[in-house]
Amino acid sequence: MQLLETLCRIAAPSGHEGPLTAFVLDYVQQNQAKWQHQPQVLAGEGFQDCVVLVFGQPRTAVFAHLDSIGFTVRYGRQLVAIGGPETHAGYRLVGHDAEGEIDCALTINEETETLGYEFSRELPRGTELTFRCDFRETETTVQSCYLDNRLGVWTALRLCETLEHGVIAFSCGEEHGGGTVPFLAQYIYDTYGVRQALICDITWVTEGVHLGQGCVISLRDSLIPRRAYVDRVRAIAARAGIAVQLEVEDIGGSDAKELQRAAQPWDWCFVGAPEDHVHTPDELVDKRDIASMLALYQVLLREL
């Protein structure tokens, strides 16, 4: 869990994924010699802040978004949201500017519902603020801001330890309405002929999805994947004896929305652990679901 805590403490709101990109590239450089197979690393010019790791002769691509929700300083101590964070007066927000580190409190105007901050000085417009990280681990759970989607990034990095054939694509901009998946999908399809994907992300606890009962395979959210492909994913999980839950929702989305709309014939399925208190500083995940998620990705990348 030390790696997961490190990931959660790196501020990387949509549009400013660079610090997390740098960490991922450094992590790959420092650890790939210990992996069973070494990838080709694609990053830098032409990839913006994305990172693509290509192992062997890939058949399946795993998409995990690097970015998180947050806030941007506007004018007159106002804030505007990045993505869809939950907002409660008093949430601690952190960041930095030319004058130093920032640790302030979120405020909400009761009449206008305008977001703002309470701090000893006015912050420069454009300053980015994120939830202050309070990483809490028990024997059975992990709780922190930004488990969405640092847990997806963690799973993808751990998957690299044993992966022989596959593509790991760390994308950007997912939390704020879509980002870099269109050009990543086209590059991966054109270069490697890969056209099936898994979305390595985090979903919600609901009346039908619960903590501690296994990784979630989503049958649909606001989009509907091709049933034949999802059935293949379900069959592999069943044969492997891995605990999973099935999700059916009519709202929500992920990097999959860009694959659904792509010109290429991509198949996709969302596979991820459920969490409670979504998009708050207190996101909560059960360790049994984390273990289920990693185990399922390992078998899926072998068999799909």
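This one's a predicted model, so the numbers in the text were calculated from it and none came from an experiment. Hydrogens, waters and symmetry mates are skipped; everything else that's a heavy atom, side chains included, is used.
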field: Leu129 with Leu106, same ILVMFWY side-chain cluster at under 4.5 Å
entry: yes
Hits for side-chain hydrogen bond (donor to acceptor under 3.5 Å, both in side chains) against Asp267, two or more places apart or cross-chain, chain-then-number order -> Arg226
Rounding to 0.5 Å, atoms CG (Asp282) and OG (Ser144) come to a distance of 9.0 Å
*Can you hop from Val62 to Leu147 via hydrophobic side chains spaced under 4.5 Å?*
yes
Tracing side-chain contacts under 4.5 Å among Ile, Leu, Val, Met, Phe, Trp and Tyr outward from Leu211 reaches Val205, Leu284
Distance alone, cut at 3.5 Å: any donor-acceptor contact between the side chains of Asp255 and Ser171?
yes
Quiz item: Stepwise, does the side chain to side chain contact (heavy atoms under 4.5 Å, CB included) test hold for Phe170 with Val153?
Solution: CA-CA 8 Å; Phe170 295 102; Val153 175; 3.8 Å; yes
Q. Should we say atom CD of Gln40 is surrounded by more than 12 heavy atoms from elsewhere, each under 6.0 Å from it?
A. yes
Original post:
Hey, is Arg92 close enough to Asp134 for a salt bridge, meaning N to O under 4.0 Å?
Top reply: no
Contact between Leu115 and Thr107 at the side-chain level, heavy atoms closer than 4.5 Å - yes or no?
no
So the salt bridge (Lys or Arg N to Asp or Glu O under 4.0 Å) pairs with at least one residue in residues 231-247 (sequence neighbours excluded) are Arg227-Asp231, Arg239-Glu303
Problem - Salt-bridge present (Glu139, Lys287; N to O < 4.0 Å) - result: no
* To do: Check whether the side chains of Thr60 and Gln196 place a donor and an acceptor atom closer than 3.5 Å, and report yes or no.
  => yes
- Query: Can you find a side-chain donor-acceptor pair between His16 and Glu128 that sits under 3.5 Å?
  - Reply: yes
Closest non-hydrogen contact found for Thr180 with Cys172 is OG1-N, 2.9 Å
Arg261 meets the side-chain hydrogen bond (donor to acceptor under 3.5 Å, both in side chains) criterion, sequence neighbours left out, with none
* Do the non-hydrogen side-chain atoms of Arg132 and Pro281 ever get within less than 4.5 Å of each other? -> no
Of all heavy-atom pairs linking Ser292 and Cys215, the shortest is OG-N, 3.0 Å
task: Could you tell me whether Asp67 and Arg150 make a salt bridge, using a distance below 4.0 angstrom between a side-chain N and a carboxylate O?
output: no
By side chain to side chain contact (heavy atoms under 4.5 Å, CB included), Ala197 pairs with (sequence neighbours left out) Phe63, Leu259, Trp266, Trp268
The reported gap from CG in Leu157 to CG in Leu53 (rounded to nearest 0.5 angstrom) is 8.0 Å
Taken to the nearest 0.5 Å, the spacing of Gln143 CD from Cys8 SG works out to 11.5 Å
Heavy-atom closest pair (Asp201 atom, Asp148 atom, distance to 0.1 Å) is OD1-OD1, 3.2 Å
Members sharing Val209's hydrophobic cluster, built from side-chain contacts under 4.5 Å between Ile, Leu, Val, Met, Phe, Trp and Tyr, are Val216
Check against side chain to side chain contact (heavy atoms under 4.5 Å, CB included), Thr130 and Tyr146: CA-CA 9 Å; Thr130 54; Tyr146 302 134; 3.3 Å; yes
Rounding to 0.5 Å, atoms NE2 (His279) and CD1 (Ile202) come to a distance of 10.5 Å
Side chain to side chain contact (heavy atoms under 4.5 Å, CB included) assessment of Val51 paired with Thr21: CA-CA 7 Å; Val51 179; Thr21 301; 3.7 Å; yes
### Query
Side-chain heavy atoms under 4.5 angstrom apart, residues restricted to Ile, Leu, Val, Met, Phe, Trp, Tyr: same cluster for Tyr117 and Ile82?
no
In short, salt bridge (Lys or Arg N to Asp or Glu O under 4.0 Å) pairs touching residues 158-177 with sequence neighbours left out are Arg158-Glu161
Note: Ala243 and Gln213 closest approach over all heavy atoms is CB-O, 4.1 Å
ask   = Could you walk me through whether Ile102 and Arg121 pass the side chain to side chain contact (heavy atoms under 4.5 Å, CB included) check?
value = CA-CA 10 Å; Ile102 302 162; Arg121 57 183 172 84; 4.2 Å; yes
Shortest non-hydrogen pair, Ile217 vs Cys269, comes out as CG2-SG, 3.7 Å
Closest non-hydrogen atoms of Pro274 and Gly214, given as atom of the first, atom of the second and distance, are CD-O, 3.8 Å
Residue pairs passing the ring-ring contact (aromatic ring centres under 6.0 Å, His included) test with at least one member in residues 17-53, sequence neighbours excluded, are Phe47-Tyr187
With sequence neighbours left out, the residues meeting side-chain hydrogen bond (donor to acceptor under 3.5 Å, both in side chains) with His176 are none
Tell me whether Leu300 shares a hydrophobic cluster with Leu163, the cluster being built from Ile, Leu, Val, Met, Phe, Trp, Tyr side chains joined at under 4.5 Å. yes
Pairwise side-chain contact, Thr141 with Val285, heavy-atom cut-off 4.5 Å (strictly under)
no
* Asked: Is there a path from Ile242 to Leu151 through hydrophobic residues (I, L, V, M, F, W, Y) whose side chains come within less than 4.5 Å of each other?
  -> yes
So ring-ring contact (aromatic ring centres under 6.0 Å, His included) across residues 194-251, not counting sequence neighbours, yields none
The salt bridge (Lys or Arg N to Asp or Glu O under 4.0 Å) partners of Glu249 (sequence neighbours excluded) come to none
Can Thr114 and Asn109 be counted as having a side-chain donor-acceptor contact under 3.5 angstrom? no
By side-chain hydrogen bond (donor to acceptor under 3.5 Å, both in side chains), Arg288 pairs with (sequence neighbours left out) Asp286
